[in-house]
Amino acid sequence: MSAESTPEPGIPGDDNGTTGPDSGRGRPKPRARRRGLMIAAWTAAGVVVLGGTGLGYVYFKLNGNLKSVDIDQALGTDRPTKADNGSENILVLGSDTRSGSNKKLGGGADDGSARSDTAMIIHVYQGHRKASVVSIPRDTLIDRPACTDPKGVTHDAARDVMFNSAYSTGGAACAVKTVESMSGVRMDHYLEVDFAGFQKLIDQLGGVRITTTKDIDDPDSHLRLKAGAHTLDGEQALGLVRTRHGVGDGSDLGRIQLQQAFVKALLDQVEHVGLLGNPKKLLDLADTATKAVTTDSALGSVNSLMSFADGLKGIGASDMTMVTMPVRYDPADPNRVLVEQSKARLVWNALKTDTAIPKAATTGTATGEAAGVVTAS
């Protein structure tokens, strides 16, 4: 049974008081066409430019920017079954690469390695009118399955390792395999955004307006903000989504709460940027975005990415609910968290059945204590 066809007792309905996407009660009428996920604006930009100019080289330029990974070939057929209800699951990673232009932004040693600094499962419900986002803490101790890295080297399965080690061990395919092993949920698509591209995109959008209810001072992420309203440039935005020591309990969970608040603020802003009236800005955004993202092979062309994005453009910030995978602090190490398995099963079952994530799934779990520190201005 899908979330489109039943009243919603759980989290997705809480944001706007609706009983479902088709309900007319309590749901504000949409203002203009919401762009939804960031990728909708980026890819729509390129195609609009193409349609307006007729310059074929622009298409080939954008197409040539894209990088893709054949997840299906890498993982084979031993995977969870694809849903047949029209819903989709997308694993989105923010890559914490410590080399090249990302070294200065990411900090740390230039060891040539890469880590999944941010991980989110985006579940797009049947009908593509709303979504739930499940953030996976990078410091979660998990059992990683055996993985083959991009060079063809096989890595044995490992127990009680940090979640983000899957990406650094075996790249995108290993990250997807680990998420599917943890959840039993098939990932239909994969999107990865790097630090340098993220910063440039925010600058090209003109920054993102947020309000902080507390001072944030985190020398590790180079972010210092007084309580109040701010328009974050790309460097500040990157600092915000990476900060952990300046807010809440100093854990990765607090950082996730900041990330979730920032994404909602960004979605609100993209709606009002006025991209369609500025062809050059559209092209610049599309050029930057296609350079910044790595996709699965099914999305590895401008046409495919545009078609995918077009199906998401009705989803705005108010249509998106964000939760963190249920975890508890590891009593043996306060810098690590453990999956609350019984509560996590409620989340994974909701994604499998395309239903609302029940409140019970996140009640009483570790939070990070940074909720409400950042809101959209």
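Remember, predicted model here, so these are calculated numbers, not experimental data.
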Taking salt bridge (Lys or Arg N to Asp or Glu O under 4.0 Å) as the definition, give me every residue that meets it alongside K200, ordered by chain and number, with sequence neighbours left out. none
Verdict with supporting geometry, L205 and L285, side-chain contact (heavy atoms from CB on, under 4.5 Å): CA-CA 8 Å; L205 284 167; L285 279 166; 4.0 Å; yes
Determine which pairs satisfy salt bridge (charged side-chain N to carboxylate O under 4.0 Å, His left out) with at least one residue from residues 165-176, sequence neighbours left out, and list them in order. none
How long is the straight-line distance from CE of M325 back to CD1 of I142, given to the nearest 0.5 Å? 8.5 Å
Would you call D218 and R244 a salt bridge, taking side-chain N to carboxylate O under 4.0 Å as the test? no
Assess whether side-chain contact (heavy atoms from CB on, under 4.5 Å) is satisfied between I121 and L351, documenting all intermediate values. CA-CA 10 Å; I121 300 171; L351 302 193; 4.1 Å; yes
Tell me which one of H123, R186, H189 satisfies side chain to side chain donor-acceptor pair (under 3.5 Å) with N89. H123
Non-hydrogen atoms of P331 and L338 that approach each other most closely: CD-CD1, 4.2 Å
For residues 156-181, which residue pairs pass the salt bridge (charged side-chain N to carboxylate O under 4.0 Å, His left out) check, not counting sequence neighbours? R79-E180, D143-R159
Taking salt bridge (Lys or Arg N to Asp or Glu O under 4.0 Å) as the test, write out the residues that go with D217, two or more places apart. R224
Check each of N65, L66, L201 against K291 using the side chain to side chain contact (heavy atoms under 4.5 Å, CB included) test, and report the only one that passes. N65
What are the two closest heavy atoms between A175 and A166, and how far apart are they? CA-CB, 4.2 Å
side-chain contact (heavy atoms from CB on, under 4.5 Å), that's the test. Do V92 and T118 meet it? Break it down for me. CA-CA 8 Å; V92 178; T118 302; over 6 Å; no
Residue pairs passing the salt bridge (charged side-chain N to carboxylate O under 4.0 Å, His left out) test with at least one member in residues 81-92, sequence neighbours excluded, are K82-D188
Determine, stepwise, if the pair T211 / S377 fulfils side chain to side chain donor-acceptor pair (under 3.5 Å). CA-CA 5 Å; T211 297; S377 292; 2.8 Å; yes
May I have all residue pairs that pass salt bridge (charged side-chain N to carboxylate O under 4.0 Å, His left out) and include part of residues 329-349, sequence neighbours excluded? none
Positive for side chain to side chain contact (heavy atoms under 4.5 Å, CB included) with I357, one of L346, V134, N349: V134
Can a donor-acceptor pair be found between the side chains of Y190 and T295 at a distance below 3.5 Å? no
For S301 and N303, test the side chains for any donor-to-acceptor distance below 3.5 angstrom and give the result as yes or no. no
